[in-house]
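It should be emphasised that the depicted structure is a prediction, and the values quoted were computed from it without experimental measurement. Basis for what follows: all heavy atoms, side chains included, without hydrogens, waters or symmetry-related copies. Residue numbers start from 1 in every chain, and the chains themselves are labelled A, B, ... in the order their sequence lines are given, proteins ahead of strands.
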Amino acid sequence: MAAPGTVRLVLPDGSLREVPSGTPAGEVLRAWNPGAAGKFLAASLDGRPIDLAAPVRTAGRLAGLAFSDPKGREVLQHSAAHLVAKSLLEVVPDALPTVGPPTEEGFYYDFEVRPLTPEDLTKLAERAAAIIAARERFERVEVPRDEALRLVAGNPHKQGYIEEVPAGEAVSFYRTGAFVDLCRGPHVPDTGWLAGLHVLGFSAITAGGTPGGAPRQRVRGIAFPSRAELEAYLKQREEAEARDHRALGPRLGLFMFVDEAPGFPFWLPKGMIVVRELERFVIEHFRDDGYHEVRTPLMFAQSVFETSGHWTHYRENIFQTEADGRIYGVKPMNCPGSMLIFRSTSRSYRELPLRLAEFAPLHRLERSGTLHGLTRVREMVQDDAHLFVTEEQIEGELRKLLAWIQRAFTVFRLEWSYELSTRPESYLGEVAQWDRAEATLEKVLRESGVAYRVSPGEGAFYGPKIDIHIRDSLGRPWQTGTIQLDYQIPARFGLEYQGADGALHPPIVIHRTILGTWERFLGVLLEHCAGRLPPWLSPVQLRIVPVTERHEPAARARLERFAAAGIRADLSTSTDTLSKRIREAELDKVPYIGVLGDREMTDGTVALRVHGQKGSRTLATEELVRELGEKIRTRSFEP
RNA sequence: GCCACUGUAGCUCAGUCUGGCAGAGCGGCUGAUUCGUAAUCAGCAGGUCGGGGGUUCAAGUCCCUCCAGUGGCUCCA
């Protein structure tokens, strides 16, 4: 038992400390570990973050929170959000602060305010710098509810948040100089901790999730405990921006866009090679796993989409045209076509699972402001398939799909994550069936041992799904693959098969795409490898560089040899210096460069330089044919 | 679709604030150089300054509008 008026605290190293009740957490930590205490920007008591200045009145496990700790990082981001709010109010006094939470990367603060301008932001940054230099303290104040409501008079947003605080619980505010903000805390001790603050930008946000609300602006930022850490972050960000597929793609001759076709990619000759290689990769798997490729119309009369439910749930995204007095929709997905094929004849359970794959161009009228290079387009091709299965076959098919995902993404050395999306507000069918479908998906995920997140309400209107996400160079997540379990659309199309029992049953359909669309997948892949595609995907796998013009005929002969071996090789024929042509090959991200001069001509060899590596090694032409052939055949990621 | 910003040669960008002859580097073409692993030298060509409208003696520059792009929001593969 602790002595009266004292509390007993367990420190992270297991040591025990008994201090007078009300001792500030920071003081206890400083006494415990003076060396580390300078890094602590907050503390935690039994895992609950508290201010360093918070008086400790209950026993428990006390620890310091540093920036390296995710919770510590959040404290810093959230404190930075307060600083931004305080600064903005000094620039635009009638702005109404709403919320300012930390995010995965940094933080944001939303305001009800007139549209901001870059000048506002400049002034904001100046004010913030001054406040940081002033090292203003973050002071916690706890007040009764009625006083709290008085404090935020004039700000309906904050009043609303106070209403949400459970009755009986004190309402806390944090004071920074003259600025007071409703806040649960905790915060860093003072604004001097925010020296590594960086305002990333601002934008309008759609208030309350629906267009047409009060004008709101979001200021986004990120904070580090020091300038140096901020500088490192900015440098890394700059490098990531240099990998942007929207710049890399056209420069490498892969794809392009024109103003007259926003969101509709042009695949250039080199890009088409990459797409075909990707297709080949997927088609090999289709063959192995019993898929049949089909091709169905790009357009259907409106009634087909009414049957599928898309006319009700997706119409604003469907391109429409009109012929013979009927409205046609350009298909945004392949499922209706596959449904019609299934329905075209009577089906037996012996045919199931029936796996129909289709790589048709899909068109989706995405809103103009959402387009983004290849990762968000209006015309796309998916590695799409629809599996018509019996109830008993679902799990087996799902397991096979998870295995294929594992294999496919590993080939590209991409990191991916799973998300289970459940019944949305607007849905077809019965709740019980949805619950069963969701349970099945979750069971297979759990049994496969992979980590996954659950996104409630994010499912498709016809069924729950497992989505796969990968991230671009700036860390923005993009959904690629998706596995959707659908009891609805087959029934709406009146699909049935005759079971072993002689009765007719509706099949269940698994909609699945793994790489997603060639467009998005390649966009992210290009950023992932900074344009340096693995050899099997490279449009030019080997560039032969003759040392002088004299060596060109010999180089051409070698070229033919490589071409005959199925290696995509080209020739560097310009009269530029050797160094310059090597440089060009490197900039073109050609994985292998073969130099050919007098020495190589005499002994039938090639001097091989691998992209990104200095120096070369000489090997016999046939040896090179074998070596490159092997790298390509095995789809090695590294050259 | 919403808010802000951006749009000048194939690319990257000066010039726009303060209206007065459209510029550079890279790339391209031509010629010289024939070279051993990331930029040889010289010359030349290339632009209705995103489109349209307006103000003005005069517009790349100021105003309006449309289009496209960028960063977010919303939505989604």
Give me the distance, rounded to whole Å, that separates [N] from [M] when you measure between the [atom1] atoms they each carry.
N	M	atom1	answer
B/rU12	B/rG7	C1'	14 Å
B/rG51	B/rU8	C1'	15 Å
B/rG43	B/rU61	P	33 Å
B/rG28	B/rG47	C1'	15 Å
B/rU48	B/rU34	C1'	44 Å
B/rG23	B/rG36	P	40 Å

TODO: Identify whether any heavy atom of A/Glu260 sits under 4.0 Å from a base atom; if not, whether one sits that close to sugar-phosphate; answer base, sugar-phosphate or nothing.
DONE: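 It contacts nothing in the nucleic acid.
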- [ ] Report which part of the nucleic acid A/Val377 touches: base, sugar-phosphate, or nothing (heavy-atom distance under 4.0 Å, all strands).
- [x]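 Here A/Val377 touches the bases of the nucleic acid.
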- [ ] Using salt bridge (Lys or Arg N to Asp or Glu O under 4.0 Å) as the criterion, point out the one residue from A/Glu527, A/Glu415, A/Glu104, A/Glu105 that pairs with A/Arg471.
- [x]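 Answer after filtering A/Glu527, A/Glu415, A/Glu104, A/Glu105: A/Glu104.
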Open item on the list: Looking at B/rU74, I'd like to know if its phosphate oxygens (OP1 or OP2) sit under 4.0 Å from a side-chain N or O belonging to A/Arg216.
Closed with: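 Checking B/rU74 against A/Arg216, no side-chain N or O comes under 4.0 Å of OP1 or OP2.
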Open item on the list: Would you say A/Arg114 places a side-chain N or O within less than 4.0 Å of OP1 or OP2 belonging to B/rA4?
Closed with: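 It does not, given that no N or O in the side chain of A/Arg114 lies less than 4.0 Å from OP1 or OP2 of B/rA4.
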TODO: Grab the two heavy atoms, one from A/Gln217 and one from A/Leu116, that are nearest each other, plus how far apart they are.
DONE: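 Closest approach of A/Gln217 to A/Leu116, heavy atoms only: OE1-N, 3.3 Å.
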Task: A/Arg476 CZ: over 12 foreign heavy atoms closer than 6.0 Å - done: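 Check passes, neighbour count above 12.
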Searching all strands shown, indicate the nucleotide that pairs with [N] (Watson-Crick or G-U wobble; both distances under 3.5 Å).
N	value
B/rC2	B/rG72
B/rA24	B/rU12
B/rC29	B/rG43
B/rU37	none
B/rU48	none
B/rG7	B/rC67

Open item on the list: Checking contacts here: which listed nucleotide (B/rU74, B/rC73, B/rA68) is nearest the side-chain heavy atoms of A/Pro262?
Closed with: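 Shortest atom-to-atom distance from the side chain points to B/rA68.
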Task: Proximal nucleotide (of B/rC76, B/rU74, B/rG71) relative to the A/Arg364 side chain - done: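 Comparing B/rC76, B/rU74, B/rG71 against the side chain of A/Arg364, the answer is B/rC76.
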Open item on the list: Walk me through whether A/His469 and A/Tyr418 qualify under ring-ring contact (aromatic ring centres under 6.0 Å, His included).
Closed with: CA-CA 7 Å; A/His469 291 91; A/Tyr418 296 98; 9.9 Å; no
Open item on the list: With a 3.5 Å cut-off and heavy atoms only, can you find an N or O donor on one side and an acceptor on the other between the side chain of A/Arg376 and the base of B/rC76?
Closed with: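 Per atom types, the contact qualifies.
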Open item on the list: With a 3.5 Å cut-off and heavy atoms only, can you find an N or O donor on one side and an acceptor on the other between the side chain of A/Arg220 and the base of B/rC73?
Closed with: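 Counting by modelled atom types and ignoring angles, no donor-acceptor contact under 3.5 Å is found here.
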- [ ] Mind checking side-chain hydrogen bond (donor to acceptor under 3.5 Å, both in side chains) for A/Glu552 and listing every partner two or more places apart, or none if nothing turns up?
- [x]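 A/Glu552 satisfies side-chain hydrogen bond (donor to acceptor under 3.5 Å, both in side chains) with A/Arg556 only.
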Task: Side-chain donor-acceptor pair present, A/Thr422, A/Glu458, cut-off under 3.5 Å - done: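 No donor-acceptor contact under 3.5 Å links the two side chains.
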TODO: Send over the distance from A/Leu200 CG to B/rG72 C1', rounded to a whole Å.
DONE: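 In whole Å, B/rG72 C1' and A/Leu200 CG are 10 Å from each other.
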Open item on the list: Measure OH/A/Tyr108 against P/B/rC73 and give the value in whole Å, please.
Closed with: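 After rounding, the gap between these two atoms is 9 Å.
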Open item on the list: Quick check: on RNA chain B, is the nucleotide nearest A/Gly201 upstream (toward 5') of the one nearest A/Glu519, or the reverse? Name the residue that is more 5'.
Closed with: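 First, find each residue's nearest nucleotide; the 5'-ward one identifies A/Gly201.
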Open item on the list: Any non-hydrogen side-chain atom of A/Val540 less than 4.5 Å from a side-chain atom of A/Asp588?
Closed with: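 Sidechains of A/Asp588 and A/Val540: no contact.
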Open item on the list: I want to check a possible cation-pi pair here: A/Arg218 against A/Tyr108, using under 6.0 Å from ring centre and within 45° of the ring axis as the test.
Closed with: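 Because its charged atom sits under 6.0 Å from the ring centre and within 45° of the axis, A/Arg218 does stack over A/Tyr108.
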- [ ] Summarise protein proximity over nucleotides 31-39 of chain B in one line of letters, 5' to 3': B for base, S for sugar-phosphate only, - for none, counting protein heavy atoms closer than 4.0 Å.
- [x] --BBBBBBB
